[in-house]
There are 2 protein chains.
Amino acid sequence: MAGRGRPRTFDRDTALEQAMEVFWTKGYESTSISDLTTAMNMKPPSLYAAFGDKEALFEEVIRRYNSQYGARLWGDLERFEHPKDATRHVLMTTAHLYTQDDTPHGCMVVLAAPQADSNHANVNRALRDLRRLTVGNLKNLYARAQHDGLIPPAANIDNMANYYTTVQYGMSIQARDGATRDELIAVADAAMATWPSLISTT
Amino acid sequence: MAGRGRPRTFDRDTALEQAMEVFWTKGYESTSISDLTTAMNMKPPSLYAAFGDKEALFEEVIRRYNSQYGARLWGDLERFEHPKDATRHVLMTTAHLYTQDDTPHGCMVVLAAPQADSNHANVNRALRDLRRLTVGNLKNLYARAQHDGLIPPAANIDNMANYYTTVQYGMSIQARDGATRDELIAVADAAMATWPSLISTT
DNA sequence: CGATTTATTTATCGATCACTACATAATTCA
DNA sequence: TGAATTATGTAGTGATCGATAAATAAATCG
């Protein structure tokens with residue numbers, strides 16, 4: 001299992017975790033290779049040998065981010081019988097995750113590079129595609145529920161998914177601006193109060 | 001009125017408008033002086049003489065942005081008798097403004113530099129303070145309405161303001177990701193449907 | 001007119017950017 | 001052990017960053 005040449009002096013997962021924290025706090029563009037090598041405790045050649053260039057490292061970071069935090073949000077929604085409970089779980093978990101003390105506040109996918117066009121279009125596009133997955137998750141959830149009769153046929157499930165996604169996106173900005181966990185929970189509660197009117201004809 | 005020396009060859013307001021479009025599209029950091037001088041059709045020394053450095057130019061741009069677009073949102077809310085109508089006006093105007101074809105989509109104050117900490121902390125802070133003004137506007141609106149008896153004393157107006165602000169923030173991300181005007185209007189409608197439950201005890 | 005003032009153009013500045021050539025160190029394989 | 005392989009540290013690369021010095025151009029003032 002151990003390779004042939006000189007072994008690494010750092011743990012790859014730990015280094016990725018350290019890189020994630022920097023990207024999450026400063027965003028993609030404001031994070032320099034120097035910031036990264038400092039946080040990851042290695043010199044540039046080691047970083048490039050292990051992760052490719054800055055963009056490849058970032059892509060690996062967001063893959064890791066998604067499997068770590070996305071899973072907390074979307075991983076076990078099928079255990080909820082009703083889509084309303086699943087949606088509440090998503091929003092409440094969001095309020096919790098976005099205000100954790102041991103990570104930067106807000107969602108990295110929303111905050112790291114929201115520019116329409118920058119000098120790093122690949123990164124902007126990758127993050128946008130990840131965000132669209134979020135809406136897709138909700139639409140799938142609601143489509144299944146509608147098929148199962150838990151949401152009336154007349155309900156506009158696209159609007160529902162767009163609405164809850166919008167609230168979740170907004171919570172990222174709020175969290176970054178210093179909103180407390182309780183404040184985000186209150187926002188989530190308010191959003192959930194809309195449910196009855198959403199599932200009636202729109 | 002005309003000064004003493006050689007007159008400017010550009011219109012200051014036009015140049016600011018051109019700078020705004022670049023900052024709005026690419027964000028603060030990704031916008032280079034070179035991007036700006038190209039868009040503003042001038043050489044660096046002219047830019048620096050007329051506007052100071054990049055940060056001062058950006059600050060002037062967001063002041064202009066705020067007086068142009070902020071006014072459309074918050075300028076004449078007193079013409080609405082009921083705070084619910086004022087809130088609907090804000091969200092509907094937001095849906096309209098964020099999807100205009102002759103400007104970048106979404107709000108520059110939300111999208112230009114949402115990093116928690118970057119190499120331009122002044123800019124991050126200035127934008128965050130502007131965003132907090134938004135919540136403040138809503139809180140003032142609701143406080144007056146509560147005093148006038150249009151919102152029950154038991155209602156939690158801080159939660160209300162946080163909630164509608166969150167929806168508006170989220171609409172910026174949605175607009176940037178390609179949401180249509182109709183989709184944002186549907187989101188605004190959904191958010192307004194929450195009103196009755198918000199003004200009952202929370 | 002000449003003196004003064006301000007703006008524009010040209011041609012940069014030092015700093016930092018992402019990234020790498022090169023020599024050396026540490027491991028495995030034969 | 002020596003050859004091969006991989007990682008690390010030193011010391012840079014050219015490009016671009018934000019910002020500017022110096023010369024020139026265009027206006028007003030006396």
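Residue numbers begin at 1 in each chain, while the letters A, B, ... track the order of the sequences.
A side-chain donor-acceptor contact under 3.5 Å links A:Lys54 to the backbone of A:Tyr28. At distances below 3.5 Å, at least one donor-acceptor pair connects side-chain atoms of B:Gln146 with backbone N or O atoms of B:Pro152.
In this structure, CZ of A:Phe10 is placed 16 Å from P of C:dA26, rounded to the nearest angstrom. Rounded to an integer number of Å, the gap from CD1 of B:Ile33 to P of C:dT12 is 20 Å. Rounded to whole angstrom, the span from the CZ atom of B:Arg4 across to the P atom of C:dG2 amounts to 17 Å. Whole-Å rounding puts the A:Met42 CE to D:dT6 P distance at 18 Å. The interatomic distance linking A:Asp53 (CG) with C:dC17 (P) rounds to 16 Å, in whole Å. The interatomic distance linking B:Arg6 (CZ) with C:dA7 (P) rounds to 10 Å, in whole Å. We find that CG of A:Leu47 is positioned 14 Å from P of C:dC17, with the value rounded to whole Å. Rounded to an integer number of Å, the gap from B:Phe51 CZ to C:dA7 C1' is 13 Å.
A sub-4.0 Å separation between OP1 or OP2 of D:dA19 and a side-chain N or O of B:Tyr48 is present. Listed pair A:Thr9 / D:dA7 fails the phosphate criterion, with no side-chain N or O lying under 4.0 Å from OP1 or OP2. One finds a side-chain N or O of B:Lys54 lying less than 4.0 angstrom from the OP1 or OP2 phosphate oxygen of D:dG18. In this structure, A:Ser46 does not reach the D:dA7 phosphate: none of its side-chain N or O atoms is under 4.0 Å from OP1 or OP2.
Between A:Phe58 and A:Phe23, the distance separating the two ring centers is shorter than 6.0 angstrom. Aromatic rings from A:Tyr69 and A:Trp74 are positioned such that their centres are separated by 6.0 Å or more.
Using a 4.0 Å heavy-atom cutoff across all strands shown, B:Thr31 reaches sugar-phosphate atoms only and no base atom.
Each of A:Asn41 and B:Pro44 has a nearest nucleotide on DNA chain D; the 5'-most of these lies closest to A:Asn41. In terms of position on DNA chain C, the residue among B:Ala49 and B:Gly5 whose nearest nucleotide sits closer to the 5' end is B:Gly5. Mapped onto DNA chain D by nearest heavy atom, B:Glu55 and B:Pro7 fall at different nucleotides, with B:Glu55 at the one closer to the 5' end.
Between A:Arg131 and B:Asp177 there is a salt bridge, since at least one side-chain N of the basic residue sits less than 4.0 Å from a carboxylate O of the acidic one.
At a cut-off of 3.5 angstrom, counting only N and O atoms as typed in the model, there is no donor on one side facing an acceptor on the other between the side-chain of B:Arg8 and the base of C:dA7.
The side chain of A:Ser34 sits closest to C:dC17 out of C:dC17, C:dT10, C:dT20.
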